[in-house]
Enquirer: 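The following block contains the structure, expressed as structure tokens.
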2 protein chains.
Amino acid sequence: MPQTHPATPAESLIAAQGGRITRTRVAVLEVLLAAEQSLTHDEIGAALDDKGIKHDRVTLYRTLDWLVESGVAHKMAGDDRARRFGVAASGPHEHAHFHCDRCGKVVCLEGLQPAVAVNLPGGYQLDRAELVLHGACPTCGKGA
Amino acid sequence: MPQTHPATPAESLIAAQGGRITRTRVAVLEVLLAAEQSLTHDEIGAALDDKGIKHDRVTLYRTLDWLVESGVAHKMAGDDRARRFGVAASGPHEHAHFHCDRCGKVVCLEGLQPAVAVNLPGGYQLDRAELVLHGACPTCGKGA
DNA sequence: GGCGAAAATGCTACTATGTTGCACAATCAT
DNA sequence: ATGATTGTGCAACATAGTAGCATTTTCGCC
Ligand SMILES: [Mn+2]
Ligand SMILES: [Mn+2]
Ligand SMILES: [Zn+2]
Ligand SMILES: [Zn+2]
């Protein structure tokens with residue numbers, strides 16, 4: 001019993017990539033779209049639980065992989081051992097990130113990507129630049 | 001039976017950080033100093049095996065952690081799930097890196113760190129910037 | 001609306017990477 | 001040389017991610 005007509009933003013995004021609109025994908029994407037920061041697999045899983053969306057750990061991994069491969073979401077490595085995921089509201093993943101070294105939060109800094117006018121040594125072929133700023137977020141920086 | 005007098009570069013580096021000069025530390029540091037690229041825990045372990053240096057997996061983790069905490073080495077997260085370690089010949093870790101998306105190699109680009117003249121949004125407090133360039137290394141870029 | 005091929009999901013098991021606790025061994029200032 | 005301090009080795013544990021495969025869901029098509 002799927003309601004047919006008005007496609008939500010999440011649904012549109014998925015369809016635009018030629019993917020099937022499924023419970024998990026829609027829910028995950030909604031979580032990411034609503035998130036202020038990049039989220040780990042676990043955090044997303046917890047958010048799905050909160051929404052009452054039953055899901056499997058592995059499916060969630062695969063869903064996130066699909067979102068990244070489709071260019072809808074992006075994945076960040078992170079100093080701790082967890083990858084973080086997020087959606088850039090505006091198009092592809094062409095922006096810097098801020099990583100709070102105290103609380104570990106990662107936020108997208110949309111609209112700023114530095115002119116990386118670096119001269120690469122030899123036959124290196126540049127595809128893209130990834131810039132991560134480290135420091136303290138507003139919340140954590142209070143005491144400093 | 002440790003030979004006493006002429007301290008090797010590795011030994012000096014270790015001593016300069018107030019650490020004890022041990023078989024594992026010296027060997028690991030020599031491996032890192034000789035390496036062209038950043039190396040994973042496993043690669044370093046294999047290099048130790050080649051050198052005939054008996055070692056324990058956990059000790060290697062702890063040795064690498066110590067080197068990083070001491071500021072002698074640096075750690076990179078990496079898209080695959082392995083951290084890579086390297087020493088910056090010249091002082092602390094203030095340089096960009098190049099990550100080959102085809103073979104996964106990571107090399108330090110010493111002497112280039114971009115002026116990150118980004119204007120941070122709110123109360124963000126910047127400590128350092130981390131720049132990773134992605135693309136193809138000279139070896140992998142041949143066919144393109 | 002029902003059919004069926006293609007795609008996604010849910011299991012179970014497995015791998016890879018990193019950690020913890022603790023007994024024992026090596027280092028180095030004295 | 002001695003002994004407090006630091007580092008090592010081992011075994012067990014923890015966490016993050018992957019693989020294979022049977023079952024279910026989606027969606028274009030009639
Ligand atoms: Mn982002
Ligand atoms: Mn480096
Ligand atoms: Zn913070
Ligand atoms: Zn390469």
Side-chain angles (χ1 to χ4, degrees), chain A residues 1-5 7-8 10-29 38-46 48-49 53-70 72-73 75-85 104, chain B residues 1-5 7-8 10-29 38-46 48-49 53-70 72-73 75-85 104:
Chain A
M1 54 298 255
Q3 307 97 305
T4 30
H5 280 125
T8 67
E11 288 174 347
S12 309
L13 261 172
I14 295 168
Q17 307 304 324
R20 291 188 175 177
I21 296 179
T22 70
R23 205 176 29 129
T24 312
R25 276 186 189 162
V26 173
V28 167
L29 201 38
S38 300
L39 301 175
T40 64
H41 172 276
D42 250 19
E43 291 168 337
I44 296 166
L48 293 196
D49 288 343
I53 306 288
K54 185 198 153 216
H55 67 284
D56 179 66
R57 228 167 54 84
V58 178
T59 301
L60 180 48
Y61 276 116
R62 292 198 271 232
T63 301
L64 290 168
D65 283 349
W66 182 85
L67 287 171
V68 171
E69 278 159 26
S70 307
V72 175
K75 180 165 63 172
M76 289 249 329
D79 258 358
D80 59 348
R81 188 148 80 85
R83 299 167 185 178
R84 286 183 165 74
F85 299 85
Chain B
M1 52 298 256
Q3 309 96 308
T4 29
H5 280 127
T8 67
E11 289 173 347
S12 310
L13 262 172
I14 295 167
Q17 307 305 324
R20 292 188 174 176
I21 297 180
T22 70
R23 206 177 28 133
T24 312
R25 277 185 189 164
V26 172
V28 168
L29 201 37
S38 301
L39 302 175
T40 63
H41 171 275
D42 249 19
E43 291 167 337
I44 296 166
L48 293 195
D49 289 343
I53 307 288
K54 186 199 154 216
H55 68 283
D56 179 65
R57 229 167 51 85
V58 179
T59 300
L60 180 48
Y61 277 117
R62 291 198 271 232
T63 300
L64 290 167
D65 283 348
W66 182 84
L67 287 171
V68 171
E69 279 159 25
S70 306
V72 174
K75 182 165 63 173
M76 289 246 332
D79 258 359
D80 60 348
R81 188 145 81 84
R83 299 167 185 178
R84 287 183 166 75
F85 299 85

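We name chains A, B, ... by the order of the sequence lines, and we start the count at 1 in each one.
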Enquirer: Output the rounded distance in Å from CD (B/Gln17) to P (D/dG7).
Expert: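 The answer, rounded to whole Å, is 13 Å.
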Enquirer: Just do the side-chain contact (heavy atoms from CB on, under 4.5 Å) check on B/Ile44 and B/Phe85 with the steps written out, would you?
Expert: CA-CA 9 Å; B/Ile44 296 166; B/Phe85 299 85; 4.2 Å; yes
Enquirer: Quick one: B/Asp80 CG to C/dA16 P, roughly how many Å, whole number?
Expert: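 About 13 Å, once rounded to whole Å.
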Enquirer: In this structure, how many angstroms lie between the P atom of C/dT27 and the CD1 atom of B/Ile14, rounded?
Expert: 12 Å
Enquirer: So, is A/Arg23 close to the C/dT9 phosphate, meaning a side-chain N or O under 4.0 Å from OP1 or OP2?
Expert: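 Checking C/dT9 against A/Arg23, no side-chain N or O comes under 4.0 Å of OP1 or OP2.
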Enquirer: Determine whether A/Leu60 and A/His41 make a side-chain contact, defined as any pair of heavy atoms from C-beta on separated by less than 4.5 Å.
Expert: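 They are in contact (side-chain heavy atoms under 4.5 Å apart), so the answer is yes.
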Enquirer: Starting at the 5' end of DNA chain D, which residue's closest nucleotide do you reach first, A/His41 or B/Thr63?
Expert: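 Result of the comparison: B/Thr63.
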Enquirer: Rounded to whole Å, please give me the gap between CG in A/Asp79 and P in C/dT17.
Expert: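 Rounding to the nearest Å, CG of A/Asp79 and P of C/dT17 are 17 Å apart.
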Enquirer: Check the distance between C/dA8's C1' and A/Leu64's CG and give it to me in whole angstrom.
Expert: 14 Å
Enquirer: Distances for protein N/O vs nucleotides 28-30 of chain C N/O pairs under 3.5 angstrom?
Expert:
from	atom 1	to	atom 2	distance (Å)
C/dC28	OP1	B/Ile21	N	2.9

Enquirer: Of the options C/dT9, C/dT19, C/dC11, whose atoms approach the side-chain atoms of A/Thr24 most closely?
Expert: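 Of C/dT9, C/dT19, C/dC11, C/dT9 is nearest to the side chain of A/Thr24.
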Enquirer: Rounding to an integer number of Å, can you tell me how far A/Asp56 CG sits from C/dT12 C1'?
Expert: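 Those two atoms, CG and C1', are 10 Å apart.
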Enquirer: Given side chains that start at C-beta, do those of B/Lys54 and B/Arg23 come closer than 4.5 Å, heavy atoms only?
Expert: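 Result yes, sub-4.5 Å side-chain heavy-atom pair found.
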Enquirer: For A/Trp66 and for A/Val58, find the nucleotide of DNA chain C with the closest heavy atom, then tell me which residue's nucleotide is more 5'.
Expert: A/Trp66
Enquirer: How many Å lie between NE2 on B/His55 and P on D/dG7, as a whole number?
Expert: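 Atom-to-atom, B/His55 to D/dG7, this comes out as 18 Å.
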Enquirer: Quick one: pull up CE in B/Met76 and CZ in B/Arg84 and give me the separation to the nearest 0.5 Å.
Expert: 8.0 Å
Enquirer: Going from CG on B/Asp56 to CG on B/Leu48, what distance comes out if it is rounded to the nearest 0.5 angstrom?
Expert: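 Answer rounded to 0.5 Å: 11.5 Å.
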Enquirer: Between the base of C/dT17 and the side chain of B/Arg81, is one N or O donor paired with an acceptor at under 3.5 angstrom?
Expert: no
Enquirer: Please confirm whether the shortest side-chain N or O distance from A/Thr59 to OP1 or OP2 of C/dA8 is below 4.0 Å.
Expert: no
Enquirer: With nearest nucleotides of DNA chain D determined for A/Arg57 and A/Arg62 from heavy-atom distances, which residue corresponds to the more 5′ nucleotide?
Expert: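 The answer here is A/Arg57.
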Enquirer: Taking CD from A/Glu11 and C1' from D/dC27, how many angstroms apart are they, rounded to a whole number?
Expert: 14 Å
Enquirer: Test side-chain contact (heavy atoms from CB on, under 4.5 Å) on A/Ile14 and A/Arg20; report intermediate values, then the result.
Expert: CA-CA 7 Å; A/Ile14 295 168; A/Arg20 291 188 175 177; over 6 Å; no
Enquirer: Does C/dT17 have OP1 or OP2 under 4.0 Å away from a side-chain N or O of B/Arg83?
Expert: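 No.
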Enquirer: Show the numbers, then the answer: is there a side-chain contact (heavy atoms from CB on, under 4.5 Å) between B/Arg83 and A/Arg81?
Expert: CA-CA 9 Å; B/Arg83 299 167 185 178; A/Arg81 188 148 80 85; 3.5 Å; yes
